[in-house]
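One structure is given here, and the rest of the page talks about it.
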Amino acid sequence: MRILILAALVALAACTNSNDLDEPTADLGNFLLGHNVVIASKAQKGPLSRDATEEELSTALKSAIDDRFGRYDGTNYYHLGVSVEGYNIALPGVPLVVAPKSVLILNVSVWDDAKQIKLTPKPKQITVFESFSGDVIVGSGLTKSKEEQLANLAANAAKEIENFLLENREWFGPAPAPTSVKGGAAARVPAATATTTAAAPVSAASAAAAPAATAQGTVTVGEQPYAAPRQTPRKLVPITSGL
């Protein structure tokens with residue numbers, strides 16, 4: 001993995017423009033964000049990198065994914081599972097000649113809730129770099145805090161995930177999605193809260209009495225189950241990823 005990170009660092013990277021959250025959403029058909037699961041337990045640190053905890057990596061990515069995909073107003077839930085495989089967060093105080101750029105390497109899986117199928121037989125690997133600017137060219141570790149670097153990488157990662165979904169537009173039905181800038185799914189459905197225990201069974205009686213409040217689902221990424229109540233009458237079934 002360290003070899004992969006080093007190769008990514010020396011590769012010529014295209015600039016990702018993630019500063020479009022105030023623009024109308026792209027056409028992802030009936031896409032509506034369901035579970036947003038991010039793990040970083042396998043993340044390998046690259047050379048000349050700041051340290052980042054699992055929580056720091058997963059929190060930054062979950063927030064960026066919510067910001068980007070919570071804008072969509074589709075009708076069917078799709079779940080995103082992201083595993084951080086490697087990272088390099090540029091160090092401060094490194095000589096200009098070797099000043100590293102920051103990078104994230106991710107594996108991304110997608111599920112269709114209505115069809116109860118995984119749409120990615122193998123996770124899609126995505127490599128993202130910092131957005132270029134004057135300070136990044138000389139090494140962002142010299143000018144930015146770790147939190148700023150992570151936020152930059154996470155925003156670019158969410159944008160690249162969106163680009164991957166657009167490349168597979170046929171997954172999301174024929175009808176164009178209504179464009180939205182703010183609100184939408186994020187306003188109607190609370191964000192999923194990750195826990196480390198599987199969802200408790202819902203009795204038939206309680207489900208019949210209040211299906212919208214008690215419908216639950218579980219997504220397992222690796223060996224870690226996540227459970228979250230959803231404000232929808234659809235009962236989400238257990239899904240296991242290959243991340």
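Below, each value reflects all heavy atoms present in this structure, side chains not excepted, and no hydrogens, waters or symmetry copies.
Nearest heavy-atom pair, L33 versus G70, reported as atom, atom and distance to 0.1 Å: CD2-N, 4.4 Å. When every heavy atom of E170 is checked against every heavy atom of E167, the shortest pair comes out as OE1-O, 4.2 Å. Closest of all the heavy-atom pairs between L104 and A154 is CD1-N, 4.4 Å. Considering every non-hydrogen atom in both G46 and N88, the closest pair reads C-OD1, 3.0 Å. The shortest heavy-atom contact between N168 and F172 is O-CE1, 3.7 Å. When all heavy atoms are compared, the tightest approach of K118 to S109 is CE-OG, 3.7 Å.
At distances below 3.5 Å, at least one donor-acceptor pair connects side-chain atoms of T120 with backbone N or O atoms of V110. Using modelled atom types, one side-chain atom of E130 and one backbone atom of S102 make a donor-acceptor pair closer than 3.5 Å. Remark: side-chain polar atoms of D112 are paired, donor with acceptor, to backbone N or O of K115 under 3.5 angstrom. Of the possible donor and acceptor atoms, none in the side chain of K124 sits under 3.5 Å from a partner among the backbone N and O of L165. Looking only at distances, a side-chain donor or acceptor of Q149 sits under 3.5 Å from a matching main-chain atom of A90. A distance-only check finds no donor-acceptor pair linking the side chain of S58 to the backbone of I39 [under 3.5 Å].
Taking the six-membered ring where the residue is Trp, F31 and F69 present tilted rings, their angle falling between 30° and 60°. Ring pair W111/H79 is tilted by interplanar angle, where 30° to 60° counts as tilted.
For A52, the side chain to side chain contact (heavy atoms under 4.5 Å, CB included) criterion is met by E56, L57, Y87, I89, not counting sequence neighbours. Here E55 pairs with T53, T59 under the side chain to side chain contact (heavy atoms under 4.5 Å, CB included) rule; sequence neighbours left out.
Atoms CG and OH, from L28 and Y72 in turn, are 4.0 Å apart once rounded to the nearest 0.5 Å. Rounded to the nearest 0.5 Å, atoms CD1 (I161) and CG (L166) are 12.0 Å apart. Here D73 contributes atom CG and T25 contributes atom OG1; the two are 7.0 Å apart, rounded to the nearest 0.5 Å. Considering CG of L153 and CD of E160, their distance stands at 11.5 Å, rounded to 0.5 Å.
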Please test E85 against K42 for side chain to side chain contact (heavy atoms under 4.5 Å, CB included), starting from the C-alpha separation and ending with a verdict.
CA-CA 6 Å; E85 300 295 304; K42 298 187 293 181; 3.5 Å; yes
Assess whether side chain to side chain contact (heavy atoms under 4.5 Å, CB included) is satisfied between L32 and T75, documenting all intermediate values.
CA-CA 6 Å; L32 181 63; T75 57; over 6 Å; no
Could you walk me through whether L61 and L106 pass the side chain to side chain contact (heavy atoms under 4.5 Å, CB included) check?
CA-CA 10 Å; L61 275 167; L106 316 170; 3.8 Å; yes
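A donor-acceptor pair shorter than 3.5 Å cannot be found between the side chains of T127 and Q125. In summary, the side chains of N36 and D66 do present a donor paired with an acceptor at a separation below 3.5 Å, with no hydrogens or angles considered.
A salt bridge links R71 with E162; the closest basic N to acidic carboxylate O contact falls under 4.0 Å.
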